[in-house]
Amino acid sequence: HVQLVESGGGSVQAGGSLRLSCAASGYTYSSYCMGWFRQAPGKERGGVAIIDMYSKITYADSVKGRFIISRDDATNTLILQLDSLKTEDTARYYCTPGVYWGQGTQVTVS
């Protein structure tokens, strides 16, 4: 069955960095676009970054120049490097191929 396990979240001060990982299994990872989404309390879930099967990347305007998405199809891993974090980046972060969702990992910036 499909599993998406996010890790790497935590609490950091503004200006700090985190590296999120997503381990995917149970489907043909390399055949799917992968994305990071986030949801803050009281807000709708929104897209952060998407990388397709050819490594074409799209970022939300709010994270351009600060976050970097990458994928490793050999290990079915999706990475999101978060730099220059702001308080408004506080949210639960999820990875997804668009159909399935993991439990997410919490990022708190103070």
[atom2] on [Y] to [atom1] on [X], rounded to 0.5 Å:
X     : Y     : atom1 : atom2 : result
Leu18 : Phe67 : CG    : CZ    : 9.0 Å
Trp36 : Ile50 : CH2   : CD1   : 13.0 Å
Gln3  : Cys22 : CD    : SG    : 11.0 Å

Just list the side-chain donor-acceptor pairs under 3.5 Å for residues 4-16, sequence neighbours left out, or say none.
from, atom 1, to, atom 2, distance (Å)
Glu6, OE1, Gln103, N, 3.3
Glu6, OE1, Gly104, N, 2.9
Glu6, OE2, Cys95, N, 3.0

| request: Quick one: which residue pairs count as a salt bridge (charged side-chain N to carboxylate O under 4.0 Å, His left out) with a foot in residues 12-22, not counting sequence neighbours? | output: none
Report, one line per pair, each donor and acceptor closer than 3.5 Å where one atom sits in a side chain of residues 71-83; sequence neighbours left out.
from, atom 1, to, atom 2, distance (Å)
Arg71, NE, Asp73, OD1, 2.8
Arg71, NH1, Tyr32, O, 2.9
Arg71, NH1, Ile51, O, 3.4
Arg71, NH1, Asp52, O, 3.2
Arg71, NH2, Tyr29, O, 3.0
Arg71, NH2, Tyr32, O, 3.0
Arg71, NH2, Asp73, OD1, 3.3
Asp72, OD1, Ala74, N, 2.9
Asp72, OD1, Thr75, N, 3.4
Asp72, OD2, Thr75, OG1, 3.3
Thr75, OG1, Thr77, OG1, 3.1
Thr77, OG1, Thr75, O, 3.1
Gln81, NE2, Asp83, OD1, 2.9
Asp83, OD1, Ser17, OG, 2.7

| message | Other members of the hydrophobic cluster containing Tyr54, with the 4.5 Å side-chain heavy-atom rule, please. | response | Met53
| request: Please answer: with hydrophobic residues joined when any side-chain heavy atoms are less than 4.5 Å apart, are Val63 and Tyr93 in the same cluster? | output: yes
Check [X] against [Y] and note the closest heavy-atom contact, atom names and distance.
X      : Y      : answer
Val107 : Val109 : CG1-CG2, 4.1 Å
Lys64  : Tyr59  : CE-O, 3.5 Å
Ala40  : Ala91  : N-CB, 3.8 Å

| request: List for me each residue that meets side chain to side chain donor-acceptor pair (under 3.5 Å) alongside Arg66, sequence neighbours excluded, and say none if there are none. | output: Asp89
| message | Out of the candidates Lys86, Arg38, Glu88, only one should pair with Ser62 under the side chain to side chain contact (heavy atoms under 4.5 Å, CB included) rule; please name it. | response | Arg38
| query | Can you name the residues that form a ring pair (Phe, Tyr, Trp, His ring centres under 6.0 Å) with Phe37, not counting sequence neighbours? | reply | Trp101
| query | Crowded around Tyr100 OH? As in, over 12 foreign heavy atoms under 6.0 Å? | reply | no
